[in-house]
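Since the structure is predicted, the reported quantities are computational estimates derived from the model, not experimental observations.
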Amino acid sequence: MNTLSACLLLFSTAFLAATLLPAQSEGVLFWLAYTQKYPIGLLLAAATAGNVLGAWVNWWLGRYVARFQHKKWFPVSPAQFKRAEHFFQKYGVWALLLSWVPFIGDPITLAAGALGVRWPVFLLWVTLAKMGRYAVVCHAAGWL
């Protein structure tokens, strides 16, 4: 696999992992970093960019969630969304530092959009959180 293909695979997996769809970008990043065939900076950038873009999709959906949250196809139950809103209201934008955590990160990014967090603030905190998580994965693979 060439570098472009590896980065596209990682970007796509990271994007899907940040949306409400199940995917494991950490495993893909770990494997690609462990092989030491690809520039670690590009892998870190591809994973972070894909994951932040996926979180932005959640934020965008959150902006319009009131319109769709009672639809049968909506991927988050009203109870889950209410818990995320309560958590976010309690901790404010600091809660976005937990956007990388499985199971709670996606609802937090949805709640951020629904509660009107401005895009630049969202981008800053989510990027820091997600890049930090991927840096730990790269370190575990023996790179950083």
Side-chain angles (χ1 to χ4, degrees), residues 1-69 71-85 87-88 91-144:
M1 178 180 332
N2 65 32
T3 301
L4 179 60
S5 297
C7 287
L8 287 173
L9 170 67
L10 186 54
F11 179 91
S12 300
T13 306
F15 176 83
L16 289 174
T19 63
L20 298 171
L21 301 172
Q24 278 299 323
S25 58
E26 295 88 350
V28 174
L29 175 59
F30 183 89
W31 173 70
L32 292 171
Y34 185 77
T35 66
Q36 297 188 359
K37 294 180 182 178
Y38 311 102
I40 198 67
L42 284 177
L43 294 177
L44 189 58
T48 301
N51 215 239
V52 169
L53 184 61
W56 176 80
V57 168
N58 292 340
W59 177 88
W60 184 82
L61 286 172
R63 301 291 277 181
Y64 301 99
V65 76
R67 196 181 318 172
F68 300 117
Q69 71 179 350
K71 299 283 186 181
K72 190 173 190 168
W73 54 264
F74 195 73
V76 177
S77 74
Q80 289 172 318
F81 188 78
K82 202 62 158 166
R83 281 194 303 271
E85 277 185 324
F87 181 83
F88 195 87
Y91 296 104
V93 295
W94 293 100
L96 290 171
L97 289 174
L98 296 174
S99 63
W100 67 270
V101 178
F103 305 112
I104 68 167
D106 297 340
I108 288 172
T109 58
L110 269 166
L115 296 173
V117 172
R118 292 184 1 249
W119 169 244
V121 173
F122 176 85
L123 181 65
L124 172 69
W125 292 110
V126 169
T127 301
L128 288 173
K130 292 180 180 282
M131 185 184 294
R133 180 243 338 252
Y134 286 130
V136 169
V137 171
C138 290
H139 180 70
W143 265 95
L144 297 178

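Among residues at least two apart or in separate chains, side-chain hydrogen bond (donor to acceptor under 3.5 Å, both in side chains) pairs with a member in residues 107-117 are Asn58-Thr109. For the salt bridge (Lys or Arg N to Asp or Glu O under 4.0 Å) condition, the pairs that include at least one residue of residues 129-141, sequence neighbours left out, are Glu26-Arg133.
Evaluation of the side chain to side chain contact (heavy atoms under 4.5 Å, CB included) rule for Val121 yields Val93, Val117, Arg118, Trp125 as partners, not counting sequence neighbours. The side chain to side chain contact (heavy atoms under 4.5 Å, CB included) check on Trp119 picks up Trp56, Trp59, Phe122, Leu123, with sequence neighbours excluded. With sequence neighbours left out, the side chain to side chain donor-acceptor pair (under 3.5 Å) criterion links Ser99 to no other residue. Qualifying side chain to side chain contact (heavy atoms under 4.5 Å, CB included) partners for Tyr91, counting only residues two or more places apart in sequence or in other chains: Phe87, Ala95.
With respect to Ser5, the side chain to side chain contact (heavy atoms under 4.5 Å, CB included) criterion is satisfied by exactly one of Leu9, Thr3, Leu8, Asn2: Asn2.
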(request) Could you please spell out the steps behind the side chain to side chain contact (heavy atoms under 4.5 Å, CB included) verdict for Asn51 and Tyr134? (result) CA-CA 10 Å; Asn51 215 239; Tyr134 286 130; 3.2 Å; yes

(request) Check step by step if side chain to side chain contact (heavy atoms under 4.5 Å, CB included) holds for Leu29 and Cys138. (result) CA-CA 7 Å; Leu29 175 59; Cys138 290; 3.9 Å; yes

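Here the closest heavy-atom approach between residue Leu16 and residue Ala23 is recorded as CB-CB, 3.9 Å. Listed here is the closest heavy atom pair of Phe11 and Ala49: CE1-C, 3.7 Å. The minimum heavy-atom distance linking Ala18 with Asp106 is given by the pair O-OD1, 3.0 Å.
Rounding to the nearest 0.5 Å places OG of Ser25 at 7.0 Å from CG of Leu10. Of the inter-residue distances, the one linking Leu115 atom CG with Arg63 atom CZ reads 10.0 Å to the nearest 0.5 angstrom. The OG1 atom of Thr13 sits 10.0 Å away from atom CD of Gln24, with the distance rounded to the nearest 0.5 Å.
Judged purely by atom type and a 3.5 angstrom limit, Thr35 uses its side chain to pair as donor or acceptor with the backbone of Leu32.
Between Leu96 and Ile108, some side-chain heavy-atom pair lies under the 4.5 Å cut-off.
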